[in-house]
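Read through the structure below, which is laid out as structure tokens, and then see the notes.
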Number of protein chains: 2
Amino acid sequence: MATMRDVAARAGVSIKTVSNVLNDYPYIKESTRAKVLTAIDQLGYRMNISARNLRAGRTGIIALVVPELSLPYFAQLSDAIIEAAAIKGWTVIVEQTGGVRERELDMLSGARRHLVDGVIFSPLALGPGETDHLHVDFPLVLLGERMSNGPVDHVTISNVQAARAATQHLLDLGRHRIAAIGANGVAGAATTRFDGYLAAIESAGLERDDTLIPVVGLSWHRTAGAEAMQELLDSGTPIDAVFGFNDTLALGAMHVLLRSGRRIPEDVAVIGFDNIEETRFSMPSLSSVEPGQKQIARTAVDLLAERIGGGAEEYREIYADFTLEIRESTIGRQEDA
Amino acid sequence: MATMRDVAARAGVSIKTVSNVLNDYPYIKESTRAKVLTAIDQLGYRMNISARNLRAGRTGIIALVVPELSLPYFAQLSDAIIEAAAIKGWTVIVEQTGGVRERELDMLSGARRHLVDGVIFSPLALGPGETDHLHVDFPLVLLGERMSNGPVDHVTISNVQAARAATQHLLDLGRHRIAAIGANGVAGAATTRFDGYLAAIESAGLERDDTLIPVVGLSWHRTAGAEAMQELLDSGTPIDAVFGFNDTLALGAMHVLLRSGRRIPEDVAVIGFDNIEETRFSMPSLSSVEPGQKQIARTAVDLLAERIGGGAEEYREIYADFTLEIRESTIGRQEDA
DNA sequence: CCTGACTTGTACATCGATGTAGAAGCCAAT
DNA sequence: ATTGGCTTCTACATCGATGTACAAGTCAGG
């Protein structure tokens with residue numbers, strides 16, 4: 001494999017001159033530049049990134065740490081972040097933690113801090129009491145609300161407000177027996193979305209009813225939503241609406257509801273959260289909270305860039321905008337739309 | 001940031017001894033090893049990967065090149081490949097091409113050949129006539145059937161057989177007007193799955209009917225399936241079954257069918273391909289071809305490992321096993337299952 | 001007490017690119 | 001002719017870890 005030395009030899013210049021050409025050093029005679037470029041072309045030379053990194057202390061790589069790509073939300077998030085990073089000329093390493101505490105800690109231990117310039121981290125197992133782990137010596141941007149108020153930059157949406165708006169939408173439809181699927185006793189999105197749900201319920205003058213609030217596991221897959229819904233139906237508690245804390249939970253719940261013979265939204269209205277692509281194609285299509293994922297991705301990458309560039313001082317907490325996407329699962333089929 | 005030199009100084013040994021400890025060199029006195037490990041611990045030392053890579057010529061990173069993570073199939077594939085790579089101690093860079101020809105070529109140009117030890121590539125735009133581009137000087141494993149018979153290792157499933165089996169399943173149900181959604185005139189999975197469809201149709205004594213074969217775009221998203229289905233319905237051609245060349249196409253089609261008032265499977269049976277998680281939760285649940293994705297992922301990583309290790313000579317073409325997952329969209333709801 | 005085998009550690013060159021210092025060539029102004 | 005300011009390029013040290021060569025120390029057997 002050709003090195004810079006080979007290029008220099010072929011072009012009849014010094015190795016540093018080759019480097020200068022490649023780094024757009026201004027004082028290069030046009031003829032010299034041409035010779036060098038020709039040599040590079042002939043030899044098919046590619047710069048050795050490891051060597052450059054060793055000198056420069058930068059790798060041009062960032063790590064994205066998510067629970068798992070199989071969840072559409074994280075898949076779409078990764079898509080958006082990879083694209084946003086590409087614009088900055090960065091390459092993205094994707095690490096999956098599976099929501100396993102030990103693997104999340106490992107990501108923060110700095111084992112890769114020479115390999116990447118910075119990390120975008122979406123924790124699932126680590127929580128609010130553990131912000132100590134965030135005192136890391138590499139640029140870090142946190143996603144989601146699992147570990148707010150730590151010594152890091154932080155991008156999320158107003159989970160409380162968004163969840164409240166989603167619940168309010170169900171209340172506005174005249175529903176009063178609204179199940180909340182996604183609570184799992186773990187701080188973070190589960191808790192803040194639950195808080196939003198509760199705020200809407202209580203400000204509507206209703207009372208909190210724990211029979212409407214099944215406990216689910218850590219992982220918000222479709223199965224979890226289906227199981228929780230089945231549990232609710234089995235319990236016999238009356239239900240006229242469901243708020244799934246994410247779309248896959250809601251879709252799982254919807255599946256069970258339809259299978260049990262309920263009509264959506266006539267008997268039970270359903271709303272989700274995240275607005276994944278699938279919501280537009282389920283039957284019925286699923287109303288959802290659009291969390292501004294692309295904005296989150298861009299913001300996270302921008303914050304990381306500032307942090308890496310050293311231009312940031314204060315730790316920032318940024319809230320992306322959300323909107324409600326109302327579809328059939330709450331308002332039924334609209335004849336003209 | 002502490003370097004090996006610092007560790008050596010603190011432990012009172014030479015820098016090479018530290019290196020030896022870290023690399024499990026056999027002849028190290030236990031007391032020396034302990035001193036070194038203590039020093040490493042006290043300093044919070046982490047090895048500089050770039051420096052090691054520069055020496056070793058290996059990076060421990062592989063690149064996974066896919067069209068886009070937003071498609072569940074590729075999201076799940078990436079998940080599986082990242083896990084399989086982690087077992088080998090590898091880190092995975094995920095690159096998205098968006099199915100854009102230029103970006104796919106760029107991935108093969110070797111621009112990153114110093115950054116990664118090898119590449120797993122799932123092409124979408126590049127096709128059979130362009131195997132020239134596959135004469136690359138880095139370890140490469142190809143996924144899918146877009147560029148068979150090139151000078152590379154290759155992992156795929158028997159698309160023709162699998163598609164034929166899926167179509168045969170519809171025929172076995174007594175359907176004769178089977179639409180095929182996914183053909184786009186592009187060689188690769190689109191073509192081979194079409195061939196399988198046609199083989200089943202013709203061996204059943206039916207005649208090919210082009211009004212049942214809409215042309216879709218390159219990207220097999222839900223929208224594409226929905227549009228194609230709408231087109232079919234508008235054309236008025238009779239249809240009693242649909243074979244979607246992947247699940248998202250089938251789901252998009254199913255959405256349009258249900259919306260038009262058709263019952264699935266009573267009026268129209270639907271089968272997809274890929275067996276993504278969503279198929280188990282759609283209403284009705286979607287029959288699909290299970291392509292053995294985890295097996296594909298593991299096989300691809302294994303082949304790449306052999307190639308990187310230099311232990312492989314012949315270029316290999318490996319076919320993963322497939323099975324049919326029969327669900328409600330073809331056989332209706334089963335009372336006891 | 002010496003030899004040779006084995007253990008344990010050190011010094012130095014090296015991987016490939018880049019920053020620093022400065023040399024050499026050229027020109028205009030003195 | 002000399003000075004000084006540009007432009008253009010070279011030589012060398014350096015980033016951090018590792019392979020090679022070899023030195024020093026230990027220990028058994030003769």
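Quick caveat: nothing in here was measured; it's all calculated off a predicted structure.
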Under the criterion side chain to side chain donor-acceptor pair (under 3.5 Å), I'd like the reasoning laid out for His221(A) against Glu277(B): C-alpha separation, chi angles, the key distance, then a yes or no. CA-CA 10 Å; His221(A) 273 272; Glu277(B) 184 178 319; 3.1 Å; yes

Pick the closest DNA chain D nucleotide for Tyr25(B) and for Ile28(A) by heavy atoms, then say which residue is nearer the 5' end. Ile28(A)

Starting at atom CG of Asp24(A), determine the distance to atom P of dG19(C), rounded to an integer number of angstrom. 13 Å

Between Glu317(B) and Tyr315(B), do the side chains contain a donor N or O and an acceptor N or O under 3.5 Å apart? no

Is Thr32(B) near enough to dG9(C) that one of its side-chain N or O atoms lies under 4.0 angstrom from OP1 or OP2? yes

With Leu303(B) as partner, the option from Ile318(B), Leu142(B), Ile120(B) fulfilling side-chain contact (heavy atoms from CB on, under 4.5 Å) is Ile318(B)

Of the options dC9(D), dT10(C), dC15(D), whose atoms approach the side-chain atoms of Val13(B) most closely? dT10(C)

Are the side chain of Gln293(A) and the backbone of Tyr73(A) linked by a donor-acceptor contact shorter than 3.5 Å? yes

Taking only N and O in the side chain of Arg52(B), is any of them less than 4.0 Å away from OP1 or OP2 of dG16(D)? no

Rounded distance (Å) that lies between atom P of dT7(C) and atom CD of Glu30(B): 15 Å

Between the side chain of Asp117(A) and the main-chain N/O of Thr59(A), is any donor-acceptor distance below 3.5 Å? yes

Does Tyr27(A) make a side-chain N or O approach to OP1 or OP2 of dC26(C) shorter than 4.0 Å? no

Please tell me which of the listed nucleotides, dT8(C), dG19(C), dG16(D), lies nearest to the side chain of Asn48(B)? dG16(D)

I need the NZ-P distance between Lys29(B) and dT26(D), as an integer number of Å. 8 Å

Between Thr17(A) and dT10(D), is there a contact of a side-chain N or O with OP1 or OP2 at under 4.0 Å? yes

Would you kindly give the CG-to-P distance between Asn20(B) and dA17(D), to the nearest whole Å? 13 Å

State which of dC9(D), dT18(D), dA17(C) makes the closest approach to the side chain of Lys16(B). dT18(D)

Quick one: Arg55(A) CZ to dC12(D) C1', roughly how many Å, whole number? 11 Å

What nucleotide, of dA17(C), dT8(C), dT18(C), holds the atom closest to the side chain of Ser19(A)? dT18(C)

Would you say dA17(C) has OP1 or OP2 under 4.0 Å from some side-chain N or O of Asn53(A)? no

Comparing Ser31(B) and Leu22(A) on DNA chain C - which has the more 5′ nearest nucleotide: Ser31(B)

To the nearest Å, how far apart are Arg33(A) CZ and dC9(D) C1'? 14 Å

Output the rounded distance in Å from CG (Asn23(A)) to P (dG16(C)). 17 Å

Whole angstrom value for the distance that separates C1' of dC15(C) from CG of Asp6(A): 13 Å

Minimum-distance nucleotide to Met47(B) side chain [options: dG9(C), dT18(D), dT10(D)]: dT18(D)

